[in-house]
Amino acid sequence: PDIAACGVGTVMAARDNEPGTYVGSGTSMASPQLCGAATQLRGRFPFLTAVETKAILLVSTEDIAAQNPGLGRNDFGMGFLRNDRVHFTASSGQFGSAAVSTSAMAHTFPVPATAGRTYSVAIAWHRLDVTSTAWSNLELEILDAGGAVLASSTSPRNPYEVVRFVSTLTGTLTIRTRAVTIGGGASQPFAWAWNDLPTTNLA
């Protein structure tokens with residue numbers, strides 16, 4: 001999974017019973033919540049692309065690793081869906097789109113940071129050729145003013161990368177996206193988003 005949502009003891013409207021409700025658990029309950037969040041976001045911000053929507057959803061998740069010892073990215077994705085953070089990120093304009101290639105310079109953009117605060121940065125992209133098993137491999141890095149890498153996400157097998165980190169300095173950080181390989185084209189369009197995460201969580 002890319003993102004986790006509430007799928008345990010979920011109260012929902014009963015089918016063919018207008019005033020009724022029922023309680024269910026499982027991915028069949030969690031998945032509609034994520035779809036609903038994406039639909040609501042696109043309804044409020046109709047100019048968003050599908051890949052921008054994905055980047056915003058990913059960057060706004062709540063880290064639930066501490067509540068799930070022994071589990072990881074293959075179990076709950078990048079975290080728990082937080083619709084409030086999704087709308088904050090979109091309404092703040094903390095997202096965008098670009099493209100990278102293996103032959104051109106990396107794409108960069110600045111993020112103002114405060115020492116001790118937690119930040120999340122995400123990039124997301126789609127396959128260029130859906131008839132092929134090949135996909136592009138992009139890398140995400142967070143750089144300080146001197147160009148040193150503070151944090152990175154470099155998985156070769158996912159059409160997205162997400163970094164959460166606590167800033168060690170106050171100033172402007174550089175978010176850099178580089179293309180390692182491009183699958184099915186000369187350049188890879190992608191979307192980016194960043195968030196200054198609140199210190200309070202739901203869990």
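Bear in mind that the values here come from a model prediction, so they are computed numbers and not experimental data.
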My understanding is that only residues two or more places apart in sequence, or in another chain, count here; which of them pass ring-ring contact (aromatic ring centres under 6.0 Å, His included) with F165? Y119

Listed by chain and number, what are the ring-ring contact (aromatic ring centres under 6.0 Å, His included) partners of Y160, not counting sequence neighbours? none

Say you draw a straight line from CH2 of W192 to CD of E52; how long is it, rounded to the nearest 0.5 Å? 9.0 Å

If only atom types and distance count, is the side chain of S92 paired as donor or acceptor with the main-chain N or O of Q94 below 3.5 Å? no

Quick one: does R176's side chain have a donor or acceptor within less than 3.5 Å of a partner on A106's backbone? no

Is a side-chain donor or acceptor of T10 paired with a backbone partner of S25 at a separation under 3.5 angstrom? no

Measure the CG-CD1 distance between L143 and I175 for me, rounded to the nearest 0.5 Å. 7.5 Å

To the nearest 0.5 Å, what is the distance between CD1 (I64) and CG (L71)? 9.0 Å

Linked, directly or transitively: F88 and L41 (ILVMFWY side chains, under 4.5 Å): no

Side-chain (S120) to main-chain (V59) donor-acceptor, under 3.5 angstrom: yes

Do the side chains of V180 and P156 get nearer than 4.5 Å, heavy atoms only? no

Any donor and acceptor pair, going by atom type alone, linking the side chain of R164 with main-chain N or O of M78 inside 3.5 Å? yes

Determine yes or no for a side-chain-to-main-chain donor-acceptor pair under 3.5 angstrom, with E139 supplying the side chain and S152 the backbone. no

Atom OG1 in T53, atom CD in Q40: separation rounded to 0.5 Å? 12.0 Å

Is any side-chain heavy atom of L81 closer than 4.5 Å to a side-chain heavy atom of C6? no

Nearest heavy-atom neighbours spanning H126 and A50: CE1-CB, 4.0 Å

Measure the shortest side-chain to side-chain distance between F190 and P159 over non-hydrogen atoms and say whether it is less than 4.5 angstrom. no

Provide the closest heavy-atom pair for A124 versus L58 in the form atom of the first, atom of the second, distance. CB-CD1, 4.4 Å

Can you confirm whether more than 12 heavy atoms, excluding those of F109, are under 6.0 Å from its CZ atom? yes

For the CZ atom of R178 and the NE2 atom of H107, what is their distance to the nearest 0.5 Å? 14.5 Å

Measure the spacing between NZ of K54 and CH2 of W125 and express it to the nearest 0.5 Å. 8.5 Å

Determine, using the 4.5 Å side-chain heavy-atom cutoff (strictly less than), whether V51 and W135 are members of one ILVMFWY cluster. no

Ignoring hydrogens and geometry, is there a side-chain-to-backbone donor-acceptor pair from T102 to A179 under 3.5 Å? no

